[in-house]
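Along the sequence shown, the residues carry numbers beginning at 1. Only this structure's heavy atoms are used, side chains among them; waters, hydrogens and symmetry mates stay out.
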Amino acid sequence: MCKLILVLAVAAGGPISIPKSWSARERDAAEDVTASVLAAHVRFLADDLLEGRAPASRGGELAVRYIASEYERMGLRPAGDQGGWLQKFDIVGLKTELSALPTFRASGGGAPLVLHPPSEVIVGPGMQSESTSVQAAEVVFVGYGIVAPEQRWDDFKDVDVRGKVLLVMNNDPADDPALFAGKTRLYYGRWTYKYEQAARKGAAGVIIIHTTPSAGYPWQVVQSSWGGEGFELPAGPVEQRLQVKMWATEEASRKLAALAGHDLDELRRRAERRDFRPVPLGVKMSVGLRTRVRRLQTANVLGLLPGGDARLGQQVVIYSAHHDHLGMREPKGGDGIYNGALDNASGVAAMLSIAAGLTEAKPRPKRSILFAAVAAEESGLLGSEYFCAHPTVPAGRIAANLNIDGINIWGRTRDVTYIGLGKSTLDQVVRTAAGQQGRVVRPDQFPDRGHFYRSDQFSFARIGVPAVYLEYGTDFLGHEPQWGRERIEEYERLRYHQPSDQIDASWNLEGAVDDVRLLLVVGLRVADAHELPAWRPGDEFEAARKRALEEAGALGPGIGRH
């Protein structure tokens with residue numbers, strides 16, 4: 001009975017109109033995107049049978065095979081290794097137990113502070129080895145842990161932090177709109193950057209101070225995301241790495257600072273200035289880890305729709321959506337399966353629906369279109385990182401990336417959110433197609449959360465590929481102005497990276513149909529356009545694009561060099 005109710009809920013409301021100003025070809029392709037088709041894909045991919053789709057797991061393999069079979073059914077061409085559907089790559093699985101709890105001792109003596117996981121601290125390995133320890137390492141507060149020459153900002157100054165454990169604030173400075181884009185978070189504010197920069201400086205470990213505003217999610221998300229087996233790409237032979245990667249709650253961080261007489265709030269206030277210098281806390285930390293290390297293999301699933309133009313067909317437009325989620329953890333309320341229905345079974349469903357529509361487009365798109373269901377996004381964008389390091393076509397011949405990470409499950413909106421609006425010439429393509437739907441395009445409506453750097457479009461941008469990443473709007477038809485933001489924040493608080501991220505009778509996919517049809521039309525117009533999309537002058541990814549185009553060479557008008 002529950003499934004019957006679900007089908008009725010997602011299909012309710014009658015047919016959703018397609019703009020008459022879209023071409024007949026676009027309208028025909030868009031008709032393949034329906035609420036019932038989206039729901040059907042999600043119901044399978046987020047079923048308990050797939051056990052949360054962890055990388056290299058039985059459930060993850062089922063997802064891979066399902067996607068490949070859908071590609072084959074649609075008539076796409078295999079675009080993976082050796083003429084198959086899969087681009088396989090190695091990953092390293094790391095499951096850690098503490099052999100010694102994180103213990104902090106003030107240099108002047110006194111009772112030690114012991115922090116207890118997972119309620120106060122999360123500890124993960126920085127090395128891909130079975131045993132790691134940090135013994136009596138000095139703890140140094142380094143503010144945001146940022147080195148940004150273009151901002152004249154260096155939190156490290158001339159202080160040597162080799163072998164030390166760094167206590168670091170999340171996010172980046174936000175009070176001054178002239179610095180670090182104000183409240184819009186840049187990559188400097190991402191936890192991945194904190195670990196990378198500390199490793200470059202030779203630190204032994206990092207403790208990131210968690211607050212819900214600075215992370216963009218509550219502590220429970222850190223617990224679930226880091227609480228099971230983690231995955232990484234195999235380490236390089238000369239790669240700089242930390243010994244330990246840690247998170248601590250704000251209260252635990254406050255206790256740590258106070259151990260030798262420091263006030264955490266005062267330290268953070270000082271860190272908001274350019275003249276901040278690292279502060280040795282007068283505390284030493286010890287911790288021991290035992291890690292189960294597994295060598296595994298997972299795969300991106302690649303299907304190609306060849307372009308219809310002899311010259312432009314040498315380039316590709318890439319749709320991407322990650323097929324993995326968190327797998328299984330210790331049960332919460334009797335449920336230990338992290339199904340990842342919204343994140344990101346729904347994105348894969350959207351991509352498959354777009355593929356079905358575009359394979360029916362007559363004539364075929366001029367540029368080729370590659371559909372990439374990428375692996376291990378939840379482990380740090382590993383699948384897209386691997387693809388971008390080993391692209392099936394040169395980066396300079398990738399016209400654009402359209403990434404899908406979650407769809408609208410709450411109904412139709414008057415707006416659509418474009419993460420990265422203002423960064424590339426793709427803006428106008430999106431605005432025109434959305435305007436024809438009678439909708440307005442808005443920039444990231446939660447700019448402090450750094451969404452552009454949190455999903456797979458970031459991997460493509462790093463090799464210079466202009467990217468579109470659309471999220472649900474917030475102005476919902478039939479509701480008060482704040483209703484949409486409340487639904488999104490409720491999801492992040494209660495379902496994001498939790499077992500409760502499941503498809504149920506509350507889902508209303510009418511708005512998702514609008515959004516996915518929009519993505520289909522945008523990709524089709526990019527595929528047919530004479531000119532390649534470009535980053536705006538001065539954008540952080542412009543230089544990478546210029547290098548990629550130069551390496552790809554000129555293929556003719558509008559191809560390769562501008």
Side-chain angles (χ1 to χ4, degrees), residues 3 6-7 10 32-81 83-89 91 231 296-305 318-328 337-360 369-379 382-384 386-387 403-407 409 456 501-503 507 509 512 516 519-520:
K3 288 186 178 179
L6 175 59
V7 171
V10 296
D32 278 347
V33 179
T34 66
S36 59
V37 170
L38 290 170
H41 288 310
V42 174
R43 276 200 299 276
F44 179 80
L45 290 167
D47 193 274
D48 283 356
L49 176 70
L50 276 72
E51 299 173 342
R53 307 188 308 279
S57 69
R58 172 184 174 275
E61 179 64 20
L62 284 172
V64 164
R65 293 190 183 192
Y66 178 81
I67 296 163
S69 68
E70 285 294 297
Y71 285 171
E72 185 171 8
R73 181 184 64 82
M74 296 172 197
L76 296 178
R77 180 179 297 177
D81 304 331
W85 298 105
L86 307 185
Q87 183 188 44
K88 298 179 180 179
F89 61 97
I91 56 174
F231 301 94
L296 303 163
Q297 193 172 71
T298 187
N300 300 323
V301 194
L302 307 179
L304 183 72
L305 178 62
I318 299 181
Y319 283 94
S320 60
H322 73 89
H323 62 70
D324 65 296
H325 199 55
L326 301 179
M328 295 189 290
I337 300 176
Y338 287 71
N339 303 86
L342 180 57
D343 184 16
N344 186 38
S346 72
V348 175
M351 187 182 70
L352 291 175
S353 296
I354 291 169
L358 291 178
T359 55
E360 298 298 323
I369 299 181
L370 180 68
F371 299 93
V374 295
E377 187 267 359
E378 302 291 8
S379 302
L382 303 187
S384 58
Y386 182 85
F387 178 90
N403 185 50
I404 314 171
D405 196 352
I407 62 176
I409 63 171
D456 292 303
D501 183 5
Q502 301 186 49
I503 186 170
W507 281 36
L509 295 179
V516 178
L519 279 166
L520 182 154

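Nearest heavy atom pair, residue I337 against residue G52, reads CG2-N, 3.7 Å. Nearest heavy-atom pair across A321 and M351 is N-SD, 3.9 Å. Between G383 and N300 the shortest heavy-atom distance is O-ND2, 3.0 Å. Of all the heavy atoms in L76 and A355, the pair that sits closest is CD1-CB, 4.4 Å. Here the closest heavy-atom approach between residue S346 and residue G406 is recorded as OG-CA, 3.4 Å. When all heavy atoms of A373 and I67 are compared, the pair lying nearest together is CB-CD1, 3.8 Å.
Listed by chain and residue number, nothing satisfies the salt bridge (charged side-chain N to carboxylate O under 4.0 Å, His left out) test with E360 (two or more places apart in sequence, or in another chain).
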Determine whether L509 and I407 satisfy the following criterion, side chain to side chain contact (heavy atoms under 4.5 Å, CB included), listing intermediate values before the conclusion. CA-CA 8 Å; L509 295 179; I407 62 176; 4.1 Å; yes
Report the C-alpha distance between Y386 and T298 in whole Å, list the side-chain angles of each, state the deciding distance to 0.1 Å, and finish with yes or no for side chain to side chain contact (heavy atoms under 4.5 Å, CB included). CA-CA 11 Å; Y386 182 85; T298 187; over 6 Å; no
Criterion side chain to side chain contact (heavy atoms under 4.5 Å, CB included) on V42 and W507, from CA distance to verdict: CA-CA 11 Å; V42 174; W507 281 36; 3.9 Å; yes
H322 and D343: CA distance, side-chain angles, deciding distance, side-chain hydrogen bond (donor to acceptor under 3.5 Å, both in side chains) verdict: CA-CA 9 Å; H322 73 89; D343 184 16; 3.1 Å; yes
Using the rule given for side chain to side chain contact (heavy atoms under 4.5 Å, CB included), can you reason through Y66 versus V348, listing the C-alpha separation, both sets of side-chain angles and the distance that settles it, and then say yes or no? CA-CA 11 Å; Y66 178 81; V348 175; over 6 Å; no
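A distance-only check finds no donor-acceptor pair linking the side chain of R53 to the backbone of Y338 [under 3.5 Å]. At distances below 3.5 Å, at least one donor-acceptor pair connects side-chain atoms of Y71 with backbone N or O atoms of F371. The main-chain N or O of D456 is never found under 3.5 Å from a side-chain atom of D405 such that the two would form a donor-acceptor pair.
Atom CG of L342 and atom CD1 of I409 lie 5.0 Å apart (nearest 0.5 Å). Distance NE2/H323 to CD/E61: 9.0 Å, rounded to 0.5 Å. Separation of atoms OG (S57) and CG (L296) is listed at 10.0 Å; rounding is to 0.5 Å. S320 OG to N344 CG: the interatomic distance, rounded to the nearest 0.5 Å, is 9.0 Å. Here the straight-line distance linking atom OG1 of T359 with atom CE of M74 works out to 6.5 Å at 0.5 Å rounding. To the nearest 0.5 Å, atom CG of residue L50 and atom CZ of residue R58 are 7.5 Å apart.
In the model, N339 has a side-chain atom that pairs as donor or acceptor with a side-chain atom of D48 under 3.5 Å.
Side-chain contact check for L302 versus L86: every heavy-atom pair is 4.5 Å or farther apart. Side-chain contact check for F231 versus D324: every heavy-atom pair is 4.5 Å or farther apart. V33 is not listed as a side-chain neighbour of L519, based on a closest heavy-atom distance of 4.5 Å or more.
Contact check on E70 versus R73 returns a salt bridge, with a Lys/Arg side-chain nitrogen under 4.0 Å from an Asp/Glu carboxylate oxygen.
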